[in-house]
Amino acid sequence: MILSFFISILFFIKNPFTYKGYYNLTNFEFSHVIFSRFISPLILYSYYKILISDNIKKVFYFSFTAFILTITLIYTSHRATTIGLILSLIILLILSKQKLTHNNLIIFTGVLIVSLLVVTKFNLIEKRNYELIDFVLSNKTTDASINTRLELYKISFELIKKNPVTGIGFGGFKSYYKSDLPMKLKYPHNLFLETQVELGIIGSILLFALIYLILKNTIKYSRLIFVFALFSLWLSLFSKDLTTQNLLFINIIFINNRNHNHN
């Protein structure tokens, strides 16, 4: 937590995120995707501790941590993570309502609202966030990230129509010959589309079964872990491929885990 706090402060000063082209670490440029995935579990944990803690010192500590890291996450402008985190916090709040005290609820919502007000007041919201809003409202955008994903999804559906049952084979997406985009990006940036394209219906059924087992067992183990699994599943819809969904598939360790905490 302490390390993440100081890194966040450093990133505010340096503004090292590059949203186009390649990242150059020698110039202190970092991937906003990797950094947002690094701090988002810490943010979820901090808000969770606000909800369940009855020690005022702990509540203050985790409130301050959640405040700083939430601002930092929005500042990175990784849109999928930011939206996913807000949705996850809403779910976490709903799941915790039975054990929630009035004071904890006020502090929880207060930290989140104040964080959003601060990034708005001090203009810490990057332009690309507004481009996403424009796309949602008008279905048109010049944002390269959005348009690229739309094209990847279009290609995926074309490939699914050709081979719906068996798929085109593991890693076959990048061999699509009508465009050089799959060769450059290698996968559809959507776990379910990638699985259906490459592994067909059987692969998709196995994937859904695995996700069902993950969600079924994590909710028995812990509310926090369950929400983290949902959050990871959300992220899998927009980036990474089948072999690099570490945040999601690490939850396999909770399948058939009999040490249920119900926390």
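Quick note: numbers below take in every heavy atom, side chains included, and nothing from hydrogens, waters or symmetry partners. The model shown is predicted, which means the values in this text are computed figures rather than measured ones.
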> Looking at CZ of Phe231 and CD1 of Ile225, how far apart are the two atoms once the value is rounded to the nearest 0.5 Å?
Replying inline: 13.5 Å

>> I'd like to check Leu207 versus Leu199 (side-chain heavy atoms, cut-off strictly below 4.5 Å). Are they in contact?
In response: no

>> According to side-chain contact (heavy atoms from CB on, under 4.5 Å), who are the partners of Ser232, at least two apart in sequence or on a separate chain?
In response: Phe228, Leu247, Leu248, Asn251

>> Check the orientation of Phe192 and Phe208. Use parallel for under 30°, tilted for 30 to 60°, and perpendicular for over 60°.
In response: parallel

> Is the number of heavy atoms from other residues, nucleotides or ligands within 6.0 Å of CZ (Phe157) greater than 12?
Replying inline: no

> Are the side chains of Phe38 and Val33 in touch, meaning some heavy atoms are under 4.5 Å apart?
Replying inline: no

> Distance from Ser138 atom OG to Ile133 atom CD1, nearest 0.5 Å?
Replying inline: 11.5 Å

>> Under a 3.5 Å distance rule, please check whether Gln245 uses its side chain to pair with a backbone N or O of Ser239 as donor and acceptor.
In response: yes

> How long is the gap from OH on Tyr45 to CD1 on Ile50, to the nearest 0.5 Å?
Replying inline: 11.5 Å

> Given Tyr176 and Glu158, is the side-chain hydrogen bond (donor to acceptor under 3.5 Å, both in side chains) satisfied, shown in steps?
Replying inline: CA-CA 10 Å; Tyr176 182 78; Glu158 289 182 16; 2.5 Å; yes

> Would you find a donor on one side and an acceptor on the other, under 3.5 Å apart, between the side chain of Arg223 and the backbone of Leu92?
Replying inline: no

> Would you call the rings of Phe67 and Phe64 parallel, tilted or perpendicular if under 30° counts as parallel and over 60° as perpendicular?
Replying inline: tilted

>> Once rounded to the nearest 0.5 Å, what's the spacing between atom CG of Leu42 and atom CG of Leu69?
In response: 6.5 Å

> Between Ser36 and Thr76, what is the shortest heavy-atom contact and its length?
Replying inline: CB-OG1, 4.0 Å

>> Would you say that Val197 contacts Ile155 through its side chain, given a criterion of any heavy-atom pair below 4.5 Å between the two side chains?
In response: no

>> Check this for me: does any side-chain nitrogen of one of Arg149 and Asp143 sit under 4.0 Å from a carboxylate oxygen of the other?
In response: no

>> Can you confirm whether Ile252 is buried at CD1, in the sense that more than 12 heavy atoms of other residues, nucleotides or ligands lie under 6.0 Å from that atom?
In response: yes

>> Looking at every non-hydrogen atom in both residues, tell me the closest pair between Arg128 and Ser145 and how far apart they are.
In response: NH2-CB, 3.9 Å

> Taking all non-hydrogen atoms of both residues, which atom of Ile168 and which atom of Phe173 are closest, and how far apart?
Replying inline: CD1-N, 3.7 Å

> Do the side chains of Arg37 and Lys240 get nearer than 4.5 Å, heavy atoms only?
Replying inline: yes

> Quick one: NZ on Lys140 to CD on Glu131, what's the gap to the nearest 0.5 Å?
Replying inline: 16.0 Å

>> I'd like to know if the side chain of Thr65 and the backbone of Phe62 have a donor-acceptor N/O pair within less than 3.5 Å.
In response: no

>> Determine whether the aromatic ring centres of residues Phe226 and Tyr221 are separated by less than 6.0 angstrom.
In response: no

